[in-house]
Amino acid sequence: LSRLPAFCANRFFDGNRFVSRSELLESKLKNSQRKRERRPHEWAAAIQKKLRNHGQQYRSVKGNVVAARKLGMPCNCRKNCGAKISENNRVANFKQYWEIESHVDKRKFLTSHIKLLKPKRALTKNRIFSRIMHHFLDVVNYDGSTEKIRVCKKMFCSTFAISNSVISNAFKILSKD
């Protein structure tokens, strides 16, 4: 160090130039860090999962294009569900369900729109009966208030573009908790 000029005493040679001690430590620290940060939100699987959970079109793992979820046809049952609820209310219910992020919240949404009842009569006392389900859709009235209107299961499933197994699984999973 004594042979070096005064301006070089606090500097170190970094292969091809003189740098200060802090610059040398900083460059070594940069080289020792990871070269690339993880960005899970940009991964193809994460993007695919988000699109699937929102009911939008996505490409499956095998490369097939899966169509977006769309509102089903209203039913023509004896309860006259198609006439009870307007198309605008069905679209609003559909969008409200598919905008929910997590599966847990979607299950809670579905179970909040279904009322479970026990049968009023039983033929034998030892027989185990299944539950009776009444399905309700939210209807927004002209004054802005909402009410729940009873519909059949087919209408309920076609409004949310889901299958019967989604409903039964929601009750199974939430009953465990």
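Count residues from 1 along the sequence.
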### Query
At their closest point, which heavy atom of Leu71 faces which heavy atom of Val91, and how far apart are they?
CD2-CG2, 3.7 Å
### Query
At what distance, to the nearest 0.5 angstrom, does OG1 of Thr111 lie from NE2 of His113?
10.0 Å
### side-chain contact (heavy atoms from CB on, under 4.5 Å) evaluation trace for Val139 with Lys84
CA-CA 9 Å; Val139 176; Lys84 285 183 189 177; over 6 Å; no
### Message
His103 and side chain to side chain contact (heavy atoms under 4.5 Å, CB included): which single residue from Asn53, Val166, Ile173 fits?
### Response
Asn53
### Flag if over 12 foreign heavy atoms under 6.0 Å of CG, Asn169
yes
### Message
Is there a path of hydrophobic side-chain contacts, each under 4.5 Å between heavy atoms, that joins Ile162 and Leu51?
### Response
no
### Message
So, taking the atom named CD1 in Ile114 and the one named CZ in Arg150, what distance separates them when rounded to the nearest 0.5 Å?
### Response
12.0 Å
Distance-only criterion, 3.5 Å: show the donor-acceptor pairs between side-chain atoms of residues 92-100 and protein atoms not counting sequence neighbours.
from: Asn93; atom 1: ND2; to: Asn89; atom 2: O; distance (Å): 3.0
from: Asn93; atom 1: ND2; to: Asp138; atom 2: O; distance (Å): 2.9
from: Trp98; atom 1: NE1; to: Phe160; atom 2: O; distance (Å): 2.9

### Task
Give a yes or no on whether Lys49 atom NZ has more than 12 heavy-atom contacts from other residues, nucleotides or ligands under 6.0 Å away.
no
### Message
I'd like to know whether Tyr58 forms a side-chain contact (heavy atoms from CB on, under 4.5 Å) with Lys50, so could you lay out the CA-CA distance, the side-chain angles of the two residues, the decisive distance to 0.1 Å, and finally the verdict.
### Response
CA-CA 9 Å; Tyr58 66 95; Lys50 185 175 181 181; over 6 Å; no
### Summary
Rounded to the nearest 0.5 Å, the NZ atom of Lys154 sits from the NE2 atom of His135 at a distance of 14.0 Å
### Query
Can you find a pair of side-chain heavy atoms, one from Gln56 and one from Arg69, that are under 4.5 Å apart?
no
### Message
How close do Gln48 and Val61 get, counting heavy atoms only, and between which atoms?
### Response
NE2-N, 3.6 Å
### Message
Minimum heavy-atom separation for Ser168 and Ser165, please, with both atom names.
### Response
OG-O, 3.1 Å
### Message
Is there a path of hydrophobic side-chain contacts, each under 4.5 Å between heavy atoms of I/L/V/M/F/W/Y residues, joining Leu110 to Ile149?
### Response
yes
### Query
Is Ile167 reachable from Phe136 through a run of hydrophobic residues whose side-chain heavy atoms are each under 4.5 Å from the next?
no
### Query
Of all heavy-atom pairs between Cys81 and Cys75, which one has the smallest distance, and what is that distance?
CB-SG, 3.6 Å
### Short side-chain to backbone donor-acceptor contact, Arg90 and Gly72, under 3.5 Å
yes
### Task
Start with the C-alpha gap between Lys153 and Asn164, add the side-chain angles, then the distance that decides, and say whether side-chain contact (heavy atoms from CB on, under 4.5 Å) holds.
CA-CA 8 Å; Lys153 190 171 190 175; Asn164 294 338; 3.4 Å; yes
### Task
Working to the nearest 0.5 Å, report the span between NZ of Lys148 and NE2 of His134.
14.5 Å
